[in-house]
J.: 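Next up is a structure, given as structure tokens.
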Amino acid sequence: METVSENRAFGGTQGVYRHASTSTNCDMTFGLFLPDDAKDGPVPVLWYLSGLTCTHENAMTKAGAQSWCAEQGIAIVFPDTSPRGEGVADDDTYDLGQGAGFYVNATQAPWDAHFRMWDYIADELPALLGEKFNLDMNRQSITGHSMGGHGALTLAMNLPGRFKSVSAFAPISNPTASDWGRKQLSAYLGDDESTWSAHDASLLMREKGFDGPILIDTGTGDTFLDLLKPEALAQAVNERRQQATLRLQPGYDHSYFFVSTFMEDHISFHADALYAE
């Protein structure tokens with residue numbers, strides 16, 4: 001693992017690191033903020049999964065998460081959204097290929113050679129973090145924005161017992177019924193739609209739910225509401241009678257102005273779960 005940069009921030013360290021990934025068969029870069037508490041012992045971990053077109057850097061520099069994580073004594077990790085580099089398949093459109101991994105393991109050419117973001121986030125990167133940093137991997141929570149909100153919800157429901165809590169900012173909630181989903185799932189997983197359901201938060205909510213608290217914020221001014229389909233997830237939550245707080249925030253859009261506005265709420269929400277007895 002290579003240290004790209006380390007900067008003092010809010011009493012802790014904001015680092016950027018690069019390593020050769022066996023899951024994606026290319027070099028991957030991630031950000032990790034370690035609060036000062038990590039000097040004294042392992043700290044809990046919050047995952048932040050980013051959305052379409054983003055790298056590890058967007059949330060790291062725009063979300064304003066580090067100050068609140070420092071206050072709560074929580075580490076926060078910012079993975080990249082896809083494999084990258086020479087020889088990695090890509091597409092001319094912004095919502096497929098590099099920057100648009102959708103947190104799945106691709107089974108279709110040309111994507112299957114590198115696009116195994118599920119394995120990377122679920123297995124490889126947690127193992128690396130636990131080995132290299134002073135983290136308590138028994139206390140993990142997860143959040144994300146847009147495509148990353150989709151990833152956070154699907155990982156949380158598919159990996160029972162892994163995460164103490166899950167939240168999302170404007171998640172893609174029903175991708176099997178949205179153009180932000182059907183395009184990518186068919187490209188990465190093929191035309192057999194039965195393989196898509198494991199990556200749809202609304203379908204997973206009906207089938208499995210989540211054994212813990214959920215917090216979701218979506219802005220009423222979000223120009224992508226028809227693609228996000230928050231109503232589908234709300235209906236599934238109600239049908240399952242799942243413990244969840246789903247909020248529509250008046251006038252807010254899809255930007256990091258929205259994310260940063262409610263970041264303190266989300267980190268406090270996760271801190272309650274991570275530090276619960």
Side-chain angles (χ1 to χ4, degrees), residues 1-5 14-32 47-63 76-129 131-132 142 144-155 158-159 171-172 175-176 178-193 195-196 198-200 224 227 256:
M1 189 182 72
E2 171 192 355
T3 299
V4 177
S5 63
Q14 175 61 64
V16 176
Y17 308 94
R18 183 181 298 119
H19 69 109
S21 168
T22 57
S23 301
T24 63
N25 295 310
C26 65
D27 286 349
M28 296 293 291
T29 303
F30 65 92
L32 175 68
W47 292 80
Y48 184 101
L49 304 186
S50 289
L52 290 167
T53 75
C54 292
T55 69
H56 69 281
E57 190 173 19
N58 296 72
M60 189 180 79
T61 59
K62 295 180 180 179
I76 183 166
V77 58
F78 305 99
D80 203 347
T81 55
S82 78
R84 298 179 193 273
E86 186 177 350
V88 175
D90 202 5
D91 191 83
D92 291 337
T93 58
Y94 76 95
D95 57 354
L96 188 67
Q98 295 187 35
F102 251 75
Y103 305 101
V104 303
N105 285 340
T107 59
Q108 307 298 303
W111 313 106
D112 54 343
H114 298 281
F115 281 71
R116 301 190 64 82
M117 288 301 294
W118 182 275
D119 283 352
Y120 180 69
I121 300 295
D123 299 318
E124 183 178 3
L125 189 53
L128 180 67
L129 292 173
E131 176 188 349
K132 299 293 186 180
I142 191 166
H145 174 226
S146 193
M147 178 185 73
H150 141 79
L153 291 166
T154 57
L155 281 155
N158 277 308
L159 299 173
I172 301 172
T176 63
S178 169
D179 287 342
W180 269 3
R182 295 188 62 84
K183 172 183 177 178
Q184 294 83 0
L185 294 174
S186 62
Y188 296 143
L189 302 179
D191 295 331
D192 181 359
E193 295 189 19
T195 66
W196 301 2
H199 300 286
D200 186 305
F224 304 112
L227 295 168
Y256 268 97

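Hydrogens, waters and symmetry mates play no part in the numbers below; they use all other heavy atoms, side chains included. Position 1 is the first residue of the sequence, and the numbers go up from there. Source: prediction; values computed, not measured.
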J.: Can you name the nearest heavy-atom pair linking L159 to A122, along with the distance?
T.: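 Heavy atoms only, the tightest pair is CD1-CB, 4.0 Å.
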J.: So do W111 and L96 actually touch side chain to side chain, heavy atoms under 4.5 Å?
T.: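 Side chain of L96 against side chain of W111, heavy atoms only: contact under 4.5 Å found.
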J.: Identify the heavy atoms of Q98 and A89 that sit nearest to each other, and give their distance.
T.: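 Here Q98 and A89 meet closest at CG-O, 3.6 Å.
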J.: How close do M117 and Y103 get, heavy atom to heavy atom, and via which atoms?
T.: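 That closest heavy-atom pairing would be CB-CA, 3.8 Å.
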J.: How about I76 and W47: do any of their side-chain heavy atoms sit closer than 4.5 Å?
T.: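 When only atoms from C-beta onward are counted, W47 and I76 do not touch, as no gap falls below 4.5 Å.
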J.: Where is the tightest heavy-atom contact between P83 and C26, given as atom of each residue plus distance?
T.: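 For P83 and C26, the tightest heavy-atom pair comes out as CB-SG, 3.5 Å.
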J.: I'd like to know if the side chain of N158 and the backbone of A198 have a donor-acceptor N/O pair within less than 3.5 Å.
T.: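 A pair under 3.5 Å: yes.
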J.: For the residue pair W180 and H150, is the inter-centroid distance of their aromatic rings smaller than 6.0 Å?
T.: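 Between W180 and H150, the centre distance exceeds or equals 6.0 Å.
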J.: If I compare all heavy atoms of T22 with all of N25, which pair ends up nearest, and what's the gap?
T.: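 Minimum heavy-atom separation between T22 and N25: O-OD1, 3.5 Å.
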J.: If you count every heavy atom of other residues, nucleotides or ligands that lies below 6.0 Å from D192 atom CG, does the total exceed 12?
T.: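 Yes - once you tally the heavy atoms of other residues, nucleotides and ligands closer than 6.0 Å, there are more than 12.
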J.: Are Q108 and L189 close enough, and set up right, to give a side chain to side chain contact (heavy atoms under 4.5 Å, CB included), and what steps lead you there?
T.: CA-CA 6 Å; Q108 307 298 303; L189 302 179; 5.6 Å; no
J.: Would you say the side chain of F78 lies within less than 4.5 Å of the side chain of S50, judging by non-hydrogen atoms?
T.: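 Heavy-atom side-chain distance check fails, nothing below 4.5 Å.
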J.: Would you say the side-chain atoms of S82 pair up with the backbone N or O of G101, donor to acceptor, closer than 3.5 Å?
T.: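 Flag not set: sc S82 to bb G101 has no pair under 3.5 Å.
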J.: Are the side chains of S146 and F224 in contact, using a 4.5 Å heavy-atom criterion?
T.: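 No; the side chains remain at least 4.5 Å from each other.
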J.: Of all heavy-atom pairs between S178 and L227, which one has the smallest distance, and what is that distance?
T.: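 S178 and L227 have their closest heavy atoms at OG-O, 2.8 Å.
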J.: Anything under 3.5 Å between a donor and an acceptor, one on a side chain of residues 54-61, the other on a protein residue two or more places apart or in another chain? List them.
T.:
unit_1, atom_1, unit_2, atom_2, d
T55, OG1, E57, N, 3.0
N58, OD1, T55, N, 2.9
T61, OG1, E57, O, 2.9
T61, OG1, N58, O, 3.4

J.: Do R84 and D80 sit within salt-bridge range, that is, some charged N less than 4.0 Å from a carboxylate O?
T.: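 Salt bridge present between R84 and D80.
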J.: Could you go through the side chain to side chain contact (heavy atoms under 4.5 Å, CB included) check for F30 and L129 one step at a time?
T.: CA-CA 10 Å; F30 65 92; L129 292 173; 3.7 Å; yes
J.: When rounded to the nearest 0.5 angstrom, what is the spacing between CD1 in I121 and OG1 in T154?
T.: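 Atom-to-atom, I121:CD1 and T154:OG1 are 10.5 Å apart.
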J.: Do the ring centers of Y188 and F102 come within less than 6.0 Å of each other?
T.: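 Distance test on ring centres: not under 6.0 Å, no.
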J.: How about H145 and Y48: are their ring centres within less than 6.0 Å of each other?
T.: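 Between Y48 and H145, which both carry aromatic rings, the centre distance is not below 6.0 Å.
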J.: Run M28 and H19 through side chain to side chain contact (heavy atoms under 4.5 Å, CB included) and show every step you take.
T.: CA-CA 6 Å; M28 296 293 291; H19 69 109; 3.9 Å; yes
J.: Would you say the side chains of S23 and E124 form a donor-acceptor pair under 3.5 Å?
T.: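 Side-chain D/A pair, S23 to E124: present.
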J.: Under a 4.5 Å cut-off applied to non-hydrogen side-chain atoms, are L49 and I142 in contact?
T.: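 SC-SC contact between L49 and I142 confirmed.
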J.: State, with a plain yes or no, whether a side-chain heavy atom of T176 is found less than 4.5 Å away from one of E193.
T.: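 They are not in side-chain contact.
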J.: Dump the intermediate steps for side chain to side chain contact (heavy atoms under 4.5 Å, CB included) on H199 and W196, then the final yes or no.
T.: CA-CA 6 Å; H199 300 286; W196 301 2; 6.0 Å; no
J.: Please say whether more than 12 non-hydrogen atoms of neighbouring residues, nucleotides or ligands are located less than 6.0 Å from CG in D179.
T.: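 No, CG of D179 has 12 or fewer neighbouring heavy atoms, counting only those of other groups under 6.0 Å.
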J.: For residues Q184 and D95, determine if any side-chain heavy atom of one lies less than 4.5 Å from a side-chain heavy atom of the other.
T.: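 Answer yes - side chains close enough.
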J.: Testing L128, T3, V77 one by one against Y17 for a side chain to side chain contact (heavy atoms under 4.5 Å, CB included), which residue passes?
T.: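 Checked L128, T3, V77 against Y17; only one passes side chain to side chain contact (heavy atoms under 4.5 Å, CB included): T3.
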J.: Do F115 and N105 have side chains that approach each other closer than 4.5 Å (heavy atoms only, starting at C-beta)?
T.: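 In short, these two side chains do not touch, never coming nearer than 4.5 Å.
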